[in-house]
Colleague: 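So that we are looking at the same thing, I have put the structure below in structure tokens.
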Amino acid sequence: MSVDAATVRKIASLARIAVTDGDVEAMVPELNNILGWIEQLGEVNTDGVAPLAAVIPNHQRLRDDVVTDGNIRDKVLANAPQAEHGFFAVPKVIE
């Protein structure tokens, strides 16, 4: 794939970037060089290579997923600005 000046102007217009004619002429070979590198990457044989999210192994230390009944209503309601009858009290929104 080859990029010409019209393509650079179109990309700049889509990205809402103001470019001068000098900038356009400078970007044409740079974008063609980038696309050349991408084509080279497409030629690399990656058969048998597992996809990686990171180069080093990362293991998350997770706590055991243990079910509890909670039963800490009083502790939770202690943080509430206002509580009534064991529930959070909020101002009336609809009259």
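This chain uses plain numbering: 1 for the first residue, then up along the sequence.
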Colleague: Is there a path of hydrophobic side-chain contacts, each under 4.5 Å between heavy atoms of I, L, V, M, F, W or Y residues, that connects Ile38 with Leu31?
Modeller: yes
Colleague: Looking at every non-hydrogen atom in both residues, tell me the closest pair between Phe88 and Leu77 and how far apart they are.
Modeller: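 So the two residues come closest at N-CD2, 3.9 Å.
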Colleague: Is the backbone of Val66 close enough, under 3.5 Å, to the side chain of Asp64 for a donor and an acceptor to pair up by distance?
Modeller: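 No; judged by distance alone, with no hydrogens or angles, the pair does not exist.
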Colleague: Whether Asp4 and Lys10 form a salt bridge (side-chain N of Lys/Arg under 4.0 Å from carboxylate O of Asp/Glu) is what I want to check.
Modeller: no
Colleague: Give the cluster check for Val24 versus Ile11: same hydrophobic cluster or not, with ILVMFWY residues linked at side-chain heavy-atom distances below 4.5 Å.
Modeller: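 No, no single cluster joins them.
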Colleague: Between Ala12 and Val19, what is the shortest heavy-atom contact and its length?
Modeller: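 Closest heavy-atom pair between Ala12 and Val19: CB-CG2, 3.8 Å.
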Colleague: Can you confirm whether Asp21 sits close enough to Arg9 that some side-chain heavy atom of one is under 4.5 Å from a side-chain heavy atom of the other?
Modeller: yes
Colleague: Answer yes or no: is there a donor N or O on one side and an acceptor on the other, between the side chain of Thr20 and the main chain of Asp23, under 3.5 Å?
Modeller: yes
Colleague: Between Asn32 and Val3, is there a donor-acceptor pair closer than 3.5 Å when you use the side chain of the first and the backbone of the second?
Modeller: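 Present.
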Colleague: Is there a chain of hydrophobic side chains (I, L, V, M, F, W, Y, each step under 4.5 Å between heavy atoms) that links Val90 to Phe87?
Modeller: no
Colleague: For Pro29 and Ala26, work out which heavy atoms get closest and say how close.
Modeller: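 That would be CD-O, 3.5 Å.
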